[in-house]
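Beneath this line is the structure, given in structure tokens, with notes to follow.
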Protein chains: 2
Amino acid sequence: MTRASERAVGELRELILHGAFPAGARLGEVELAERLGVSRTPVREALARLSAEGLVEIAPNRGARVTSWTVAELEAVFELRAVLEPRLTALAVPRATTADADALDELAERMVRVGSPGPGRDLDALVPLNRDFHGRLIALADHPAMATALAGAVHAPIVLRNFHTYDDASLRRSLAHHVEMVAALRAGDPTWAAAVMTAHIHNARVVMVRATRQAQEDA
Amino acid sequence: MTRASERAVGELRELILHGAFPAGARLGEVELAERLGVSRTPVREALARLSAEGLVEIAPNRGARVTSWTVAELEAVFELRAVLEPRLTALAVPRATTADADALDELAERMVRVGSPGPGRDLDALVPLNRDFHGRLIALADHPAMATALAGAVHAPIVLRNFHTYDDASLRRSLAHHVEMVAALRAGDPTWAAAVMTAHIHNARVVMVRATRQAQEDA
DNA sequence: CGATCTTAAATTGCACACAATCTCGGCTGG
DNA sequence: CCAGCCGAGATTGTGTGCAATTTAAGATCG
């Protein structure tokens, strides 16, 4: 059997990202242990790790809850992304091989296909593709300090989890950005690539802030 | 009695920061449990949290080790600090009250006193003062996303732990930067404050990179 | 009738025991 | 003599029981 705690971390992360628990929901240790088929010990470890990732918040003697975000916190996260991700993108440009560019191209094109209006549209398929695209770019930058800083606070999970809140124009822009970044990458132009990434994040920020605000007004 | 795991995290962090273990040293769970007077469970949790902070690295089934840094990684951390800390400093300026400025002033002046050559010199006393100074500035910025991003990767601990490697000129510059930042803060000038912070970090980078390179040549 | 104290159920924190895995010595065979 | 194998000791991973703390309901008093 593979490591129980590792499996627990992965499964719990997916559950939260897919919205299986409402924001702020209590995460009881025994409940999760039963649901994942392990004992409380690996569950505890999983919660600790997800807490470090920012997906859950744990209060002493009071258990763990799914992290909930205020609009201000969400804006702050996007501000951080707007600072770091363009830099990482610029670093990635000179390091990318043709094969890297091809792979990113493939991802960008697939996203355009499944994201465009029509019969083949599948907004849920965008999520893993998008994560992969940004992840590859960050890996190419080969700057662990910035990468972990970004991962540590972005907790982009909440941010990356859902494309249904995009209006048509914003989504079209977002997909076009990916394609344009690949073009900038192939052209070997870090400034261009970074600028597109900056626009990309600002576009996403507006969408997510609007969606979050609306969701909280409904509640 | 206060929470054992919390105490374990704090004590272990201090031990590592004070250099009680050489970089790369193995951290056995039982050994730490005895040393801290708790069982392995809270030790395990402490190691997990310090791993998230980047102070230790833990390999599956192979235990935890004190994180060791290459020069390239150290440079990367300073690059990150050079991006984020000036921004946080700029954010802090308009939020600071007179009382905040007074407190920072007090810290900066104390650092000058204990850092200047003479009978009262105590380089070890600089460490907590310096941490406090930077910590207050970051807290004033009130930007949790950036703060956690910084904390998550900087683990500057290693960086902040020791002033003995500073040569006289660099140390004098460093102490003067603190004083100048307070002046910029009182003047309400975010650009000035951010610029000084940028210089401050670049100054530190040169010192730490030199020291690290030398330490690794000796070994 | 509302507020506070009390008490019991539920939940987390910790310790300990056992199972799984790794490390490293010596040993065998080429 | 060296490479590869093997097994004992040590170390980490996981399960479970008990103590401590929190929470919530109910009772008592103002």
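We name chains A, B, ... by the order of the sequence lines, and we start the count at 1 in each one. Bear in mind the structure is a predicted one, so any value in this text is a computation, not a measurement.
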Problem - side-chain N/O Arg44(A) vs dG13(C) OP1/OP2, d < 4.0 Å - result: yes
Problem - Residue pairs passing the salt bridge (Lys or Arg N to Asp or Glu O under 4.0 Å) test where at least one lies in residues 16-26 of chain B, sequence neighbours excluded - result: none
Handout entry: Interatomic distance, Glu34(A) CD vs dG15(D) P [rounded to whole Å]
Key = 13 Å
Exercise for the section: May I ask you to evaluate whether Thr41(A) reaches the phosphate of dT14(D), defined as a side-chain N or O under 4.0 Å from OP1 or OP2? Expected result: no
Problem - Rounded distance in Å - CG (Leu27(A)) to P (dT11(C)) - result: 13 Å
Practice task
Identify, between Glu45(A) and Pro60(A), the residue whose nearest nucleotide on DNA chain D lies closer to the 5' end.
Solution key: Glu45(A)
Completion exercise
Atom CG of Leu32(A) and atom P of dT11(C) are separated, to the nearest Å, by 12 Å
Completion exercise
To the nearest angstrom, the CD-C1' distance between Glu29(B) and dT14(D) comes to 12 Å
Fill in the blank from the handout: To the nearest angstrom, the CZ-P distance between Arg26(A) and dT22(D) comes to 13 Å
Fill in the blank from the handout: From the candidates dC22(C), dT21(D), dT16(D), the one with an atom nearest any side-chain atom of Asn61(B) is dC22(C)
Fill in the blank from the handout: Arg3(B) CZ to dA19(D) P, in whole Å, measures 19 Å
Problem - Glu85(B) and His200(B) side chains, donor-acceptor separation under 3.5 Å - result: no
Practice task
To the nearest Å, give me how far apart CZ (Arg65(B)) and C1' (dT23(C)) are.
Solution key: 12 Å
Handout entry: Which nucleotide in dA15(C), dG17(D), dT14(D) has an atom nearest any side-chain atom of Arg40(A)
Key = dG17(D)
Problem - Electrostatic pair Arg44(B)-Glu45(A), nearest N-O below 4.0 angstrom - result: yes
Problem - Value in whole Å for how far the P atom of dT21(D) lies from CD1 of Ile58(A) - result: 17 Å
Practice task
Establish whether the base of dG13(C) is bridged to the side chain of Arg62(A) by a donor-acceptor pair shorter than 3.5 Å.
Solution key: no
Completion exercise
Sorted by chain and number, sequence neighbours left out, ring pair (Phe, Tyr, Trp, His ring centres under 6.0 Å) with His143(B) holds for none
Problem - Note: Glu57(B)-Arg65(B) ion pair, threshold 4.0 Å (strictly below) - result: no
Exercise for the section: Would you tell me if any nitrogen or oxygen in the side chain of Ser5(B) comes within less than 4.0 Å of OP1 or OP2 on dC14(C)? Expected result: yes
